[in-house]
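Below: one structure, written as structure tokens.
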Amino acid sequence: MDILAKLNPAQKEAVETIEGPVLILAGPGSGKTRVITHRVAYLMNVCGISPHHIMAVTFTNKAAREMEERLSELAPGSVQSLTLGTFHAICARILRRDGKACGIEPGFVIYDDDDQLDLVKRALQELNLDPKKFVPRAILSVISSNKSNMLTSQDCTRSTRSYFEEVTGRVYERYQQLLTASQALDFDDLLMRTVLLFREHPEILKKYQERYIHLMVDEFQDTNLTQYELVKQMADKYKNICVVGDPDQSIYSWRSADLRNILNFEKDYPLARVIYLEQNYRSTQRILDTAAHVIKANRQRKQKELWTENEIGELTNIIETYTEQEEAQYVVKEIERLVESGEANYRDCAVMYRTNAQSRVIEEAFVRYGLPYKLVAGTRFYERREIKDVIAYLRLIQNPCDSVSLLRIINIPNRGIGQQTLNLLSKWASEQGISLFDALKKLAEPDGGTGLLPFNSRTVKTLGAFGSLLKDLVLRSRETNLLDLFDHLTVASGYKDYILADEDGDERWDNVQELRTVAETYRELVPPEALTTFLESVALVSSVDDLDESNNKVTLITLHQAKGLEFSNVFMVGVEEGLLPHIRSLEDPFQMEEERRLCYVGITRARRRIYLTHAFRRTLMGHSTVNKASRFLQDIPKNLVAGGEIWQAAESKLGSDYRTMSAQVSDIKPKPSTVALKAGDRVRHAIFGEGVVVSCTPKADDSEVVAAFGGVGVKKLLLSFAKLEKV
DNA sequence: CGAAAGGCTCTTTTT
DNA sequence: GAGCCTTTCG
């Protein structure tokens with residue numbers, strides 16, 4: 001297979017330039033992913049470089065998987081020994097292997113955002129600091145940003161310029177101690193500790209430097225300083241470092257991504273070859289023009305000229321509606337129109353929004369009108385209570401030091417271990433100089449150290465029982481396979497009964513079973529290995545990772561998550577002052593530029609049609625607000641906009657158009673079902689399939705039907721809107 | 001000890 | 001409007 005065939009000259013240059021530093025500035029839709037995969041294939045197939053010597057870093061696991069797929073076609077058989085993944089996944093692997101040298105246990109757990117917040121709160125409490133005055137979230141974000149800039153807690157306590165800095169420094173220090181005691185690393189540690197490991201142990205770094213002769217980093221505009229340093233360390237020997245990015249699509253500065261990494265690359269590597277990918281293969285000319293007019297108002301940017309040979313395409317649609325409900329209806333109605341006229345499939349459409357909160361109204365409209373959709377990360381699967389609980393049990397089995405997990409589940413299900421008991425327990429444990437887990441184990445022993453304990457006998461019994469449960473689980477984990485362990489633990493801990501007793505227990509239990517299905521992937525691995533691998537994969541998944549393109553459904557997604565994706569028809573909703581740009585960025589020119597880039601990212605996801613909608617009135621955080629159209633819309637010249645000017649529903653500003661609008665939308669509304677339903681009836685739903693009615697209760701002049709559908713679980717539906725058919 | 005109720009503050013965006 | 005925290009009562 002000719003790797004270079006079908007590449008344009010710039011792409012070809014990017015693929016063939018394998019020596020020395022290379023900076024690829026790739027506009028949206030310029031075939032960036034194609035270039036990266038082809039470059040890796042070229043290194044292996046043409047230059048004869050062993051995949052063992054190549055590392056490619058992606059932004060999400062999904063991107064890594066996609067690349068893997070494409071590579072297995074271009075260069076069959078070589079993918080396994082390639083190092084391919086996110087920074088976090090790659091660093092976790094390095095630290096498990098070599099972290100011991102700087103005191104990191106190979107069995108460390110990875111703490112996510114929630115776990116981190118827990119620890120910050122605990123640190124505040126221990127330091128007697130008022131969480132009202134020092135907001136845990138804010139402190140955590142300071143800690144995180146320090147770690148992203150390679151600042152250790154020592155660095156942050158050494159010199160402080162304000163009381164707040166002094167406090168955050170102290171909290172950081174305590175937080176880090178708590179992490180260490182739990183044998184845990186947070187997301188930022190994965191990166192920073194790897195860099196520190198390399199700094200302190202040049203012999204280990206050397207091993208990696210010699211292994212990775214070729215490095216590639218995608219989405220380079222979204223790397224932070226720590227990641228940059230890591231790349232620099234690794235590439236220092238051979239300097240075959242190829243980074244790919246687009247400053248105009250940098251949208252993660254709030255996560256400490258530093259645009260300077262890409263803007264300064266040429267300074268750090270004066271010999272760097274800079275390659276521009278400017279031909280766009282994705283969008284129509286008008287979509288590109290629209291995007292260009294929006295982005296060109298930014299000051300901080302590298303000028304690029306995007307062009308395309310694609311057709312000129314349709315005009316940009318700018319729509320104002322009265323409320324966000326009407327906006328959602330408009331979107332639904334327009335998608336239905338496109339589908340019915342054969343212009344599009346559901347899967348070709350995406351609705352994009354600035355904040356997750358906006359998805360609710362959109363979702364409701366989709367449910368109401370029965371259009372199929374998939375929501376990327378509403379309540380993310382791994383953030384559900386029942387999932388986090390079971391994972392906490394598993395993490396604790398793997399690493400008994402994990403205090404966050406222990407404290408999470410010590411009283412779930414209720415064992416009668418309350419705050420009081422907990423305080424006594426941790427005091428007793430620290431007096432003895434042992435971990436909470438060991439304390440529990442001690443209490444599980446038959447003579448438990450009777451007499452010397454600060455607990456009454458009932459409490460000793462309760463704690464001891466829990467201790468022996470954990471002890472038993474840990475023992476089992478060494479010989480039992482992952483799935484049996486999973487099943488045993490959910491039953492033996494009483495968690496299954498506990499969750500099933502819950503109001504929507506069946507649905508929650510289904511979720512637990514879904515987690516079990518994920519665990520099945522690791523069934524062939526030997527016991528301890530299986531658990532570790534499973535937990536690691538669970539810790540590092542992101543919401544777009546399991547975005548499944550096979551179903552014919554409309555995608556509902558945030559603008560941030562949409563980066564790197566493309567759809568024929570894109571509906572950007574809430575393009576309003578205060579939302580996009582977000583209210584938090586109105587005062588800050590730097591953040592304002594980032595909002596603009598976000599808008600640019602959204603527009604450039606579109607292949608054929610772009611719809612930018614805004615609502616006159618919108619309910620935010622409980623109360624109704626009035627928003628003006630986004631300033632970004634003003635930058636789009638009239639001749640690019642459908643209707644020759646920014647279109648508004650005729651009377652929309654007065655609010656009276658809502659009825660007309662609803663009337664139009666109701667054209668596609670299914671006829672209200674007249675069938676009366678009762679519990680036990682079997683029904684069929686257009687999207688959910690067959691199910692059984694759980695209950696049917698009258699509500700206003702309608703009925704609320706609760707029905708259980710195989711596979712999708714229990715859903716609440718309004719009788720008049722749901723397409724329910726009696727079977 | 002824990003369930004339930006009331007009161008508070010917010011919300012960007014996520015590996 | 002929700003999620004989190006505190007308070008109250010059995």
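Reckoned from all heavy atoms, side chains included, excluding hydrogens, waters and symmetry mates. Quick note on labels: first sequence line is chain A, next is B, and so on, each numbered from 1.
For the residue pair A/S148/A/R255, the side-chain donor-acceptor check at 3.5 Å is not satisfied. A donor-acceptor contact closer than 3.5 angstrom links the side chains of A/S182 and A/S403.
Here A/Q420 lies in heavy-atom contact (under 4.0 Å) with sugar-phosphate atoms only. Within the 4.0 angstrom heavy-atom criterion, only backbone atoms of the sugar-phosphate kind lie near A/N414; the bases stay farther away. Among the heavy atoms of the strands, none lies under 4.0 Å from A/F87. Using a 4.0 Å heavy-atom criterion, one finds that A/Q358 contacts no nucleic acid atom at all.
Taking a cutoff of 4.0 Å between a charged side-chain nitrogen and a carboxylate oxygen, A/R618 and A/E327 qualify as a salt bridge. The pair A/R395-A/D115 counts as a salt bridge, with a side-chain nitrogen and a carboxylate oxygen less than 4.0 angstrom apart. Salt-bridge check for A/R360 with A/E364: passed, with a basic side-chain N closer than 4.0 Å to an acidic carboxylate O. Checked for salt-bridge contact, A/R408 and A/D118 miss the test: no charged N lies under 4.0 Å from a carboxylate O. A salt bridge links A/D113 to A/R137: one of the charged nitrogens lies within less than 4.0 Å of a carboxylate oxygen.
Relative to the side chain of A/N356, the nucleotides B/dT15, B/dT11, B/dT14 differ in distance, and B/dT14 lies closest. Checking B/dT14, B/dT13, B/dC10 against the side-chain heavy atoms of A/T355 singles out B/dT13 as nearest. Closest contact between the side chain of A/T558 and the listed nucleotides B/dT15, B/dT14, B/dT11 involves B/dT14. Checking B/dC10, B/dT14, B/dT15 against every side-chain atom of A/T86, the shortest atom distance belongs to B/dT15.
The phosphate of B/dC1 (OP1 or OP2) has no side-chain N or O of A/N411 nearer than 4.0 angstrom. Put simply, A/Q561 has no side-chain N or O that comes within less than 4.0 Å of OP1 or OP2 on B/dT13. In terms of phosphate contacts, A/T421 brings a side-chain nitrogen or oxygen within less than 4.0 Å of OP1 or OP2 of B/dC1.
Remark: the backbone N or O of A/F164 is paired with a side-chain donor or acceptor of A/T168 at under 3.5 angstrom. A/N399 places a side-chain N or O within donor-acceptor distance of the main-chain N or O of A/Q183, the cut-off being under 3.5 Å.
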- Message: Let me check I have this right: for DNA chain B, each base becomes ., (, ), [, ] or |, based on Watson-Crick or G-U pairs with both distances under 3.5 Å. What is the full string?
- Response: ||||||||||.....
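Taking atom NZ of residue A/K563 and atom C1' of nucleotide B/dT15, one finds them 11 Å apart after rounding to whole Å. Nucleotide B/dT13 holds its P atom 10 Å from the OH atom of A/Y353, rounded to whole Å. Regarding A/L190, its CG atom lies at a distance of 9 Å from the C1' atom of B/dT15, rounded to whole Å. Whole-Å rounding puts the A/D222 CG to B/dT15 P distance at 12 Å. If you take CD of A/E324 and P of C/dG1, they are 11 Å apart, rounded to a whole angstrom. Between the CE atom of A/M572 and the P atom of B/dT13 there is a distance of 15 Å, rounded to whole Å. Regarding A/H582, its NE2 atom lies at a distance of 11 Å from the C1' atom of B/dC10, rounded to whole Å. Rounded to an integer number of Å, the gap from CG of A/L580 to P of B/dT11 is 19 Å.
Seen from the ring of A/F108, A/R96 counts as a face-on cation partner, given the 6.0 Å and 45° thresholds. For the pair A/R597 and A/Y600, the cation-pi criterion (under 6.0 Å, within 45° of the ring axis) is not fulfilled.
Comparing A/I251 and A/M621 against DNA chain B, the residue whose closest nucleotide sits nearer the 5' end is A/M621.
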Please tabulate the protein-to-nucleotide N/O contacts below 3.5 Å involving nucleotides 4-6 of chain C, giving atom names and distances.
from: C/dC5; atom 1: OP1; to: A/K121; atom 2: NZ; distance (Å): 2.6

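Between the side-chain ring of A/W254 and the base of B/dT13, a stacking contact exists by the 5.5 Å and 30° definition.
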